J.: 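I'd like to ask you about the structure that follows.
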Amino acid sequence: MENMNTNHITESVIERLANTPDPRLKEIMLSLVQHLHQFAREVKLTEVEWLKGIEFLTRTGHITNAQRQEFILLSDVLGLSMLTVVMTNEKPAACTQATVLGPFHVDNAPHYALGDDVANGAQGQPCQVQGSIKGVQGEAVAHARIKVWQSDEKGLYDVQYADRKQHQARGKLTADAQGRFHFKSILAMPYPIPHDGPVGQLLEATARHPWRPAHLHFKIDAPGYETLITHVFRKNDPYLATDAVFGVRESLVTDWLEQADGSYQLDFDFVLNPV
Ligand code: BEZ
Ligand code: FE
């Protein structure tokens, strides 16, 4: 039996991983073990502290169910989700940048025709949304499929209401032959991410707020182009600089113009990356 010192333990674990058949899994595990051990050495992690960490992860698992994914939320507030989005979605400068999907996307959103009101009864100030979908050469992306979803005036998504009977403030649309789209909705509002669980406790313990700046989610698909998952943020939102999940990119922030009648208009042109 070898005599374990703090560095020897790391080497032993690395040796034990030598026969991992999947080369990518091997690469990830080797790096993970080295960084985890280095982290523990650096902060001189005690047994009591690591037990607290394990209890935190256990609570994170226990609160997770089909509706709530606390581990993704943890990854979001640690910036890890956004880091993987940025690394995986490197595109030419002309392309619209990607950001996090978030937990409020659903597959079975209702279909709408261009010009329809996707609010479908959700409460908020009216907001007209319009724009275009193009490729990097400026070509129209005809009939691109658009999914949009957003919070209402209370900062809640339809799926957060226990008594909701229908989807609201979300829908699927198809752009016209010139790649243009327009629809009616409501003004999206800033909202706190779910913070009544372990992730909320972590935010509180680290003196962080749970708020996201107001945004409209878009998922855009078209044959021959990479799927774009992104948001459009509202200029001057108080939480732009401190988004709880680090999802803001400057190129995604724009003016949502207030009209004389108190309604809003948002214009945004998306540029897709070819596959
Ligand atoms: C969202 O924008 O819907 C979201 C993203 C990450 C965590 C929570 C919410
Ligand atoms: Fe959102």
Side-chain angles (χ1 to χ4, degrees), residues 60 63-89 96-109 118-120 122-124 127 129 146-161 164 167-172 183 185-204 206 208-220 227-235 237-254 256 264 266 268 270:
T60 302
I63 204 172
T64 295
N65 58 32
Q67 282 76 44
R68 177 162 184 166
Q69 229 303 355
E70 195 80 354
F71 279 108
I72 296 185
L73 210 54
L74 178 58
S75 154
D76 294 340
V77 302
L78 293 178
L80 191 54
S81 304
M82 193 56 189
L83 181 59
T84 60
V85 166
V86 171
M87 289 190 299
T88 315
N89 290 275
T96 306
Q97 292 183 304
T99 187
V100 288
L101 178 68
F104 302 123
H105 169 265
V106 304
D107 279 326
N108 59 341
V118 308
N120 194 25
Q123 296 298 298
C127 183
V129 184
I146 302 164
K147 267 190 185 177
V148 60
W149 66 104
Q150 64 164 102
S151 63
D152 65 8
E153 66 179 10
K154 291 194 181 127
L156 290 170
Y157 287 78
D158 55 1
V159 292
Q160 294 178 284
Y161 288 96
R164 93 196 137 85
H167 281 309
Q168 294 181 315
R170 70 172 70 240
K172 295 176 181 169
F183 59 89
S185 191
I186 51 170
L187 191 64
M189 297 301 283
Y191 62 85
I193 61 167
H195 58 287
D196 57 343
V199 168
Q201 290 162 1
L202 178 65
L203 290 177
E204 202 177 318
T206 52
R208 286 174 57 184
H209 70 69
W211 287 83
R212 296 215 65 204
H215 56 271
L216 216 54
H217 290 258
F218 283 91
K219 181 166 185 271
I220 304 177
T227 297
L228 173 66
I229 295 173
T230 195
H231 308 349
V232 179
F233 294 94
R234 193 170 157 207
K235 196 171 154 188
D237 187 290
Y239 299 111
L240 282 173
T242 58
D243 180 6
V245 304
F246 306 94
V248 179
R249 309 183 85 168
E250 214 180 311
S251 66
L252 304 176
V253 180
T254 192
W256 302 18
Y264 282 79
L266 163 59
F268 202 83
F270 296 90

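All values derive from a computational prediction rather than experimental measurement. These numbers come from the heavy atoms of this one structure, side chains and all, not from hydrogens, waters or symmetry mates. Positions are given from 1 along the sequence. Ligands are counted one by one from 1 in listed order, and the atoms in each one are counted from 1 as well.
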J.: Would one find more than 12 heavy atoms of other residues, nucleotides or ligands at under 6.0 Å from atom NE2 of H167?
T.: yes
J.: With heavy-atom distances below 4.5 Å as the criterion, would you say the side chains of D152 and M189 are in contact?
T.: no
J.: Rounded to the nearest 0.5 Å, what's the gap from NE2 on H231 to CZ on F268? Could you check?
T.: 12.0 Å
J.: Under a 4.5 Å cut-off applied to non-hydrogen side-chain atoms, are R68 and I63 in contact?
T.: yes
J.: Okay, side chain of T64, backbone of E70: is any donor-acceptor separation there less than 3.5 Å?
T.: yes
J.: Around the Fe ion (ligand 2), list the protein N/O/S atoms within a radius below 2.8 Å, excluding water molecules.
T.: Y157 OH, Y191 OH, H215 NE2, H217 NE2
J.: R234 and side chain to side chain contact (heavy atoms under 4.5 Å, CB included): which partner among L266, L216, L240, L187?
T.: L187
J.: Identify the protein atoms, limited to N or O, that lie within less than 3.5 Å of an N or O atom of ligand 1, and list each pair with its distance to 0.1 Å.
T.:
residue: ligand 1; atom: 2 (O); partner: Y191; partner atom: OH; Å: 2.6
residue: ligand 1; atom: 2 (O); partner: R212; partner atom: NH1; Å: 2.5
residue: ligand 1; atom: 2 (O); partner: H215; partner atom: NE2; Å: 3.1
residue: ligand 1; atom: 2 (O); partner: H217; partner atom: NE2; Å: 3.0
residue: ligand 1; atom: 3 (O); partner: Y191; partner atom: OH; Å: 2.7
residue: ligand 1; atom: 3 (O); partner: H217; partner atom: NE2; Å: 3.1

J.: Can D237 and R212 be counted as an ion pair, charged N to O under 4.0 angstrom?
T.: no
J.: Does atom CD of E204 have more than 12 heavy-atom neighbours, drawn from other residues, nucleotides or ligands, at distances under 6.0 Å?
T.: no
J.: Centres of the H217 and F104 rings: under 6.0 Å?
T.: no
